Amino acid sequence: MGFIDNLYSVLSDKIYFAFIKEDRFMYLLNGLSVSIQLTIFAAIIGIVIGMLVAFAKITGKPPLAQVADWYVAIIRGTPVVVQLTIIYYIILADIDLPRTIVASIAFGINSGAYVSEIIRSGIQAVDRGQTEAGRSLGLSYGNTMRFVIVPQAVKNILPALGNEFVILLKETSISGYIALDDLTRGGTLIRSVTYDSMTPLLTVAYIYFLMTAMLSALLSKFERRLRSSD
Amino acid sequence: MIKVVNLHKYFGDLEVLKGVNNEIRKGEVVCVIGPSGSGKSTFLRCLNLLETPTRGEVIIGGISLSDNMKELDKLRRKVGMVFQQFNLFPHMTVIDNIMLAPVKVLKMNKEEASSKALELLGRVGLTDKAREYPSRLSGGQKQRVAIARAMAMNPEVMLFDEPTSALDPEMVGEVLEVIKSLANEGMTMVIVTHEMGFAREVSDRVLFMDEGIIFEEGEPSDIFGNPQRIRTKEFLSKVL
């Protein structure tokens, strides 16, 4: 009895100091909202860049395809923290933009490289015979892509794309490097005022896990729906 | 109808076609036979420029394909193609497979395209499968749909690339029947096939290809009954 009571009072003390006192939970709540915004904006930017880069690579016109190759190689070959800080402290240093926007752009540019590879491989995984059938019926290249190839490629692309967004959500946790108060930094801030690491950090971890689990569940539901047409 | 002049095709260093000359006349049914790797399929695929000839010319209805890359889509409408692997669009129902090109390319309205598709499905005996997805069909049924799909563009020539080679034996007959009925209606056709009995029965002219050229050609009774070249004899003795 004594042990349970003791544990209970210790825990409730910790929770009180970490989250309730002085409304400290607001650090996490505001941080969560920043993390979600970053993920959504970055995902949109990433998809747009990814599609453009994928098509540049697939059509294979020399200057464009070359630039696309370099872009993907550079992004994949350097850490995202380094990319984020370069964009914030060097490339966009003289432009007065909200940090959320800067971080969204940085994460979007990063994600675009991975998304482009996902889209490219998804499109190239569609059997060559499908293109040949479309073209032999007199459909133009563009129409063959639009009506024949892309609808089939989407089924290859979506699962991997969902994965990419789960990764993206977790990667936004480095936003603290440019002094952006995201979820992770919310936990750090609480830690620095309460000198208790365990409660805020485990809570932060739990919130990330909850969000990625929900995202994954949503995606697999979506995938099942797509597959039902086969 | 189709004229082929000195057609050469390389894949890398490999010369697959070494100067093919021929002319397919309107209403003619031409079967192309020969051993694997003889260039039959490549020859056929050059006729609608799925393969770009390295040298030589393909002239369809007086227009050279190689000079008219912009007109290519237009010329391809006149040439229907049926593939060994069917290549139906798996994300569309049977009727949508058939309607896609007439609606998107010929700008036919949907009702018209749909009634045309149903009529074609009737001709290949698959009216009841209109709303099915291709994954629900047998190989023979898929190939019949593929034929209907190509016919929906009112082609002037139909090309068949080993149309029965991917089929289970019991389904070969139903596909050959459909092709035969097209032949009887006067459709111009070029058929690459390993079905010698069919080639003999259906064709006006047989091309025997080997080593990237047309080794021998003639009426089916001559090619099958009295081949002139030793290679032709050897090949036929193996497959007949």
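Computed from a predicted structure; not experimentally measured. Numbers restart at 1 for each chain; the letters A, B, ... are given by sequence-line order, proteins then strands.
Residue contact with chain B, scored on non-hydrogen atoms closer than 4.5 Å, involves the side chain of A:Arg128 exclusively. Heavy-atom distances place the backbone of B:Leu88, and not its side chain, under 4.5 Å from chain A. With a 4.5 angstrom heavy-atom cutoff, B:Arg136 does not touch chain A via any of its atoms. In this structure, chain A has heavy atoms under 4.5 Å from both the backbone and the side chain of B:Phe89.
A heavy-atom distance below 4.5 Å is found between the side chains of B:Cys46 and B:Glu51.
Looking at B:Lys116 and B:Glu119, no side-chain N of the basic residue comes within less than 4.0 Å of a carboxylate O on the acidic one, giving no salt bridge. Using a 4.0 Å cut-off between charged side-chain N and carboxylate O, B:Glu156 and B:Lys26 make no salt bridge.
Around CZ of B:Phe11, the count of heavy atoms belonging to other residues, nucleotides or ligands within 6.0 Å exceeds 12.
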